[in-house]
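Lettering follows sequence order; numbering is per chain, from 1. The analysis underlying the following values was restricted to heavy atoms, covering all of them including side chains, and did not include hydrogens, waters or symmetry mates.
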Amino acid sequence: MLKTNIKEIYRETDRFMNQKIVVSGWVRTIRSSKAFGFIELNDGTFFKNLQIVFEDKLKNFQEIAKLNISSALTVEGTLVESPGSNQAFELKAEKIIIEGTSTPDYPLQKKRHTFEYLRTIAHLRPRTNTFSAVFRVRSLAAYAIHKFFQEKGFVYVHTPIITGSDAEGAGEMFRVTTLDLENPPRKEDGTIDFSKDFFGKETNLTVSGQLNVETYCMAFKNVYTFGPTFRAENSNTARHAAEFWMIEPEMAFADLRDNMDLAEEMLKYIINYVFENAPEEMDFFNKFIDKGLFERLENVANSSFEHVSYTEAIEILQNSKESFDYPVKWGLDLQTEHERYLTEKYFKKPVFVTDYPKDIKAFYMRLNDDEKTVAAMDLLVPGVGEIIGGSQREERYDRLEQRIKELNLNMQDYWWYLELRKYGGVKHSGFGLGFERAIMYLTGMSNIRDVIAFPRTAKNADF
RNA sequence: UCCUCGAUAGCUCAAUGGUAGAGCACUCGGCUGUUAACCGAGUGGUUGCUGGUUCGAGCCCAGCUCGGGGAGCCA
């Protein structure tokens with residue numbers, strides 16, 4: 001008797017055909033008549049189910065026929081060719097052991113549910129086809145990212161989750177404190193005395209590992225972080241979460257062009273890896289979630305990404321016949337409608353927009369020779385929008401110091417960041433990839449809440 | 001946070017200001033190859049919350065809560 005899982009049966013069918021096997025899994029649906037019935041069994045190892053045929057010669061036939069959905073079973077039997085048209089093989093049951101029962105009020109029907117409803121049962125939704133596919137792809141994509149960087153010799157750095165500085169002003173932060181909020185210690189002037197707090201200073205959850213990872217970049221040359229990130233923005237969109245995962249590579253001796261090449265190579269690598277390792281899941285997305293998915297991803301995997309400077313992008317937008325709600329003018333940031341036009345209508349593929357005006361970008365980005373723009377890049381992709389944001393970093397001590405002053409940031413907070421420029425500072429570049437946005441792009445899922453297991457968004461931290 | 005649409009049975013949705021309905025799920029019965037199985041019968045409701053208008057409110061008005069879509073912030 002061969003104990004196996006359903007993935008193996010699909011992948012190595014010949015090895016199991018006409019053999020006695022044992023599988024354990026959960027009931028997705030039961031169809032029964034007087035003397036026989038069919039069970040769709042899913043054991044979690046594979047997207048597809050295994051059809052079980054059971055007949056009334058089983059001692060517990062009546063009991064099996066009445067099982068509720070999601071009951072857990074161990075089935076012994078022989079794998080045989082199936083006369084049905086929807087599956088090549090099926091398991092003819094000789095013994096069925098009920099491992100765990102379910103009840104009639106099981107909230108998941110055999111019918112389609114809305115994603116909104118499934119969010120209210122986040123503990124059960126991984127049992128649905130869609131979430132089974134999304135979260136297997138998510139796992140594979142995470143592995144592909146590590147594989148990609150490790151194969152290139154990048155060192156994985158775990159940057160801190162709790163931070164003592166407002167790293168880059170990248171957004172509102174979540175406070176970390178052990179102070180009694182009802183009655184916090186106060187200084188003589190009435191303000192809260194954070195020297196009494198756990199760390200002896202104000203601390204928050206990180207909004208980016210970038211500044212920390214740059215320190216390891218100057219020691220290991222090529223590094224990356226991959227971890228949770230927190231933004232306390234009151235964002236109510238399908239693309240924002242308060243807790244999300246971000247990949248941030250950083251390369252020494254690399255300019256903006258090297259940076260973009262890495263981003264492009266990485267995205268293509270992930271796409272190819274997922275296609276190779278989750279073909280059934282990708283098929284499902286293409287059929288039921290986003291009918292243009294294959295075409296789009298194949299287009300991306302097989303073509304070169306576009307490159308356009310911010311200044312050129314402004315000209316393209318100004319010369320277009322589109323009527324935009326927001327003004328297009330050099331110096332103003334691109335609006336979502338502008339980004340969509342560029343990537344979805346004009347280029348119809350991923351496009352890097354580079355060299356933005358310095359006033360709309362972060363302090364650490366390298367000032368270009370024109371003194372007006374910085375070596376920044378955003379990667380825009382059809383359907384999702386901005387998926388990557390990166391830059392070549394300002395490696396010149398005096399320039400960086402000047403930018404910190406100009407923006408009225410506290411120089412003291414950046415002393416160690418500045419010292420990287422003092423002791424063998426070299427040109428270096430990096431970017432941030434929003435992991436959930438990458439998963440949305442890979443699967444065609446349109447809401448970030450449906451590509452992260454337990455989404456944390458404004459007014460929602462259930463489960 | 002702003003704009004906009006919405007909230008009715010377990011789920012997905014109907015219902016001119018005048019008796020709250022369907023499909024699916026569920027329960028019972030039938031069915032010897034099903035594929036969201038099929039056929040018959042049955043159970044199931046404080047119409048999101050609070051207040052108002054009206055002889056009468058699921059429907060009209062106000063506020064609130066939550067959700068969808070769009071925008072801002074960004075990844």
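- Within 4.0 Å of A/Asn236, counting heavy atoms only, lies at least one base atom of the nucleic acid.
- A donor-acceptor contact under 3.5 Å is not formed by the side chain of A/His113 with the base of B/C11.
- Contact annotation for A/Pro83: base contact, defined as any heavy-atom pair under 4.0 Å involving a base atom.
- In summary, of the residues considered (A/Phe149, A/Phe148, A/Tyr143, A/Phe275), a ring-ring contact (aromatic ring centres under 6.0 Å, His included) with A/Tyr269 occurs for A/Phe148 alone.
- In this structure, of B/U34, B/A75, B/G72, it is B/A75 that holds the atom nearest to the side chain of A/Arg437.
- Checked by atom type and distance alone, the side chain of A/Asn272 pairs as donor or acceptor with a backbone atom of A/Lys268 at under 3.5 Å.
- Of the listed nucleotides (B/C73, B/A75, B/U27), B/A75 has the atom at the smallest distance from the side chain of A/Ile448.
- When heavy atoms are screened at a 4.0 angstrom cut-off, A/Gln51 is found touching base atoms of the nucleic acid.
- Heavy atoms of A/Phe38 sit under 4.0 angstrom from at least one base atom.
- Using a 4.0 Å heavy-atom cutoff across all strands shown, A/Asn234 reaches at least one base atom of the nucleic acid.
- Note: CD (A/Glu344) to P (B/G70) measures 11 Å, nearest angstrom.
- The residue A/Lys92 sits close to a base: some heavy atom pair falls under 4.0 Å.
- Among the heavy atoms of the strands lying under 4.0 Å from A/Ser32 is at least one base atom, whether or not backbone atoms are also near.
- Ring planes of A/Tyr310 and A/Tyr356: tilted class, angle from 30 to 60°.
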